[in-house]
2 protein chains.
Amino acid sequence: MGSDCRSDRFKTPTRAVQCAFVTGMTASAGRKGARGRIDKRQAILDAAFTVFARRGYSQACVQEIAEEAGVAKPTVYNHLSDKETLFRHALEAAAEAVSADNLASVERLRDPGDDLRAALEDVAYRMLRVCCDERSRALRWLTYAQVARFPDMIEVVQSRTSSRLAEALADRLARLSLAGRLRRCDPAQAAGHLLALLTGPMEARSLLGTRKVSAAETRTVANAAVDTFLRAYGPEPR
Amino acid sequence: MGSDCRSDRFKTPTRAVQCAFVTGMTASAGRKGARGRIDKRQAILDAAFTVFARRGYSQACVQEIAEEAGVAKPTVYNHLSDKETLFRHALEAAAEAVSADNLASVERLRDPGDDLRAALEDVAYRMLRVCCDERSRALRWLTYAQVARFPDMIEVVQSRTSSRLAEALADRLARLSLAGRLRRCDPAQAAGHLLALLTGPMEARSLLGTRKVSAAETRTVANAAVDTFLRAYGPEPR
DNA sequence: ACTATGGTGAACCCGTCAGTTCAATGTCAG
DNA sequence: CTGACATTGAACTGACGGGTTCACCATAGT
């Protein structure tokens with residue numbers, strides 16, 4: 001069987017690519033059984049996000065996505081009709097994953113303990129980490145970059161990330177306000193302001209994500225934001 | 001005479017080419033009748049930004065830029081060597097124009113009068129108007145969208161817009177702090193926080209610029225930001 | 001062993017578009 | 001008038017890439 005067509009089997013199996021990029025799921029090896037098809041679909045979606053994040057939409061070619069997924073090009077089209085569908089599904093999955101991470105961070109405000117400032121600083125740092133990691137950055141970038149082509153994706157992504165995060169944070173701040181640990185205020189506005197104080201300076205420092213920001217620097221940004229936030233929204237002196 | 005037409009491929013971008021299109025002009029148009037002595041190069045750069053803003057980089061074709069400028073395609077290549085050069089020059093000019101507008105807004109803080117809050121609200125509203133108008137939005141969008149292809153443009157644009165604005169604002173805040181009208185603080189951080197409080201909520205409301213935000217709503221955002229800012233950075237009660 | 005299912009590589013069609021060439025035209029300098 | 005030169009429309013080249021087709025193959029379930 002060593003005919004010409006089999007002679008190129010020395011291609012490295014890039015099948016073990018990081019599926020964790022989008023889904024955060026463990027890279028369950030693709031047993032080529034009944035589940036093979038599902039694994040492939042997942043691998044393709046993961047690879048799509050990876051490549052789109054690397055090249056941008058128009059520069060990413062389906063061939064590269066196929067290679068990244070360790071799959072042939074026709075297989076890609078077999079699972080997802082075309083490039084646009086690929087893009088939409090990949091972004092939506094990534095948005096969902098980011099959302100989960102964000103909500104997990106905020107949840108820590110449910111029991112802030114005695115030291116509210118410390119709790120806020122902790123949550124702030126975690127949110128910055130999530131908001132500025134590679135996946136999150138790529139997601140925002142891709143969405144923003146393709147406004148002209150897919151304007152509806154803004155709504156899809158925004159609702160799953162910023163909006164959901166702001167709402168969850170507002171919930172926690174409302175409780176804190178009611179408990180007298182923050183002054184009486186509009187919790188939605190307070191949440192918006194806290195998030196702005198965090199992400200705004202962070203984006204400036206990272207030059208829209210192109211420059212690496214150290215953990216210490218991130219902590220500084222987080223603490224400064226919390227300080228300003230507490231000056232503005234902390235409990236009234238009575 | 002336009003003797004430099006062919007020879008300026010590598011000419012420095014010296015003259016900040018005023019991208020008039022950004023100032024709200026509508027496809028100004030070198031009308032074919034007036035084909036005498038208009039500066040074609042200017043028209044081409046204006047048209048380039050207009051079309052890039054409309055379609056994005058890769059979707060914009062040089063043919064359309066030529067038509068927008070009222071010029072033939074070879075003429076475009078006669079003035080600017082290729083599409084990339086077109087893009088870089090157009091963006092840089094737009095950044096320069098946005099910078100000028102931003103600095104003009106901040107300059108109003110030089111003599112804030114008796115009512116600091118009112119002065120800040122006025123300046124905040126003006127900055128929001130500048131930061132969120134069509135030209136500014138298109139500029140940020142294009143820069144962000146082409147990070148993968150032209151990573152260096154981030155630096156070019158950022159330094160002329162965000163950074164320059166933040167510095168100018170920090171200058172004014174430093175004076176106010178020294179005059180006892182704000183508490184003692186790091187002016188750079190204060191400026192960063194004020195800008196974040198303004199642009200963050202604004203971007204959320206406008207869905208990254210896709211939704212129109214009314215003047216009244218903009219005012220609300222500005223006033224809320226100033227309120228929070230003054231609570232955090234206002235003069236200490238002593 | 002047989003067949004069905006889905007995967008595979010390679011070639012292919014086709015549209016788009018950057019960048020070029022060219023002959024013709026318009027405009028000015030002298 | 002004439003020559004120099006920018007400009008123009010149109011046609012052309014070459015690259016690139018989305019999407020399809022097809023003949024072939026590998027494995028699973030029977």
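A note on names: the letters A, B, ... follow the listed sequences, proteins ahead of strands, and every chain is numbered from 1.
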Novice: Could you tell me which residues satisfy ring pair (Phe, Tyr, Trp, His ring centres under 6.0 Å) with A:Tyr57, sequence neighbours excluded, listed by chain and number?
Specialist: A:Phe52, A:Phe87, A:Phe150
Novice: Using only side-chain N and O atoms of B:Thr75, determine if any of them is under 4.0 Å from OP1 or OP2 of D:dT7.
Specialist: no
Novice: Produce a footprint string for nucleotides 16-23 of chain D: one letter per nucleotide, 5' end first; B if the base is under 4.0 Å from any protein heavy atom, S if only the sugar-phosphate is, - if neither.
Specialist: -SSBBB--
Novice: Output the rounded distance in Å from CG (B:Leu80) to C1' (C:dT20).
Specialist: 17 Å
Novice: Enumerate all atom pairs, one protein N or O and one N or O from nucleotides 3-5 of chain C, separated by less than 3.5 Å.
Specialist:
none

Novice: Would you check if the side chain of A:Ser206 reaches a backbone N or O of A:Lys212 as a donor-acceptor pair within less than 3.5 Å?
Specialist: no
Novice: Can you pull the salt bridge (Lys or Arg N to Asp or Glu O under 4.0 Å) pairs that have at least one residue in residues 73-86 of chain B, sequence neighbours excluded?
Specialist: B:Glu84-B:Arg88
Novice: Using atom NE2 of B:His79 as one end and atom P of C:dG19 as the other, report the distance to the nearest whole Å.
Specialist: 16 Å
Novice: My understanding is that only residues two or more places apart in sequence, or in another chain, count here; which of them pass side-chain hydrogen bond (donor to acceptor under 3.5 Å, both in side chains) with B:Arg54?
Specialist: B:Glu64, B:Glu68
Novice: The criterion is side-chain hydrogen bond (donor to acceptor under 3.5 Å, both in side chains); which residues satisfy it with B:Arg164, sequence neighbours excluded?
Specialist: B:Glu96, B:Ser99
Novice: Which whole-number value in Å describes the distance from A:Asn78 CG to C:dG7 C1'?
Specialist: 8 Å
Novice: Just to verify, what does B:Glu167 make a side-chain hydrogen bond (donor to acceptor under 3.5 Å, both in side chains) with, not counting sequence neighbours?
Specialist: none
Novice: Check side-chain hydrogen bond (donor to acceptor under 3.5 Å, both in side chains) between B:Arg149 and all other residues, then give those that pass, not counting sequence neighbours.
Specialist: A:Gln59, B:Gln146
Novice: CZ of B:Phe87 versus C1' of C:dA18: gap in Å, rounded?
Specialist: 16 Å
Novice: How would you list, by chain and number, every residue that makes a side-chain contact (heavy atoms from CB on, under 4.5 Å) with B:Ala72, sequence neighbours excluded?
Specialist: B:Pro74, B:Thr75
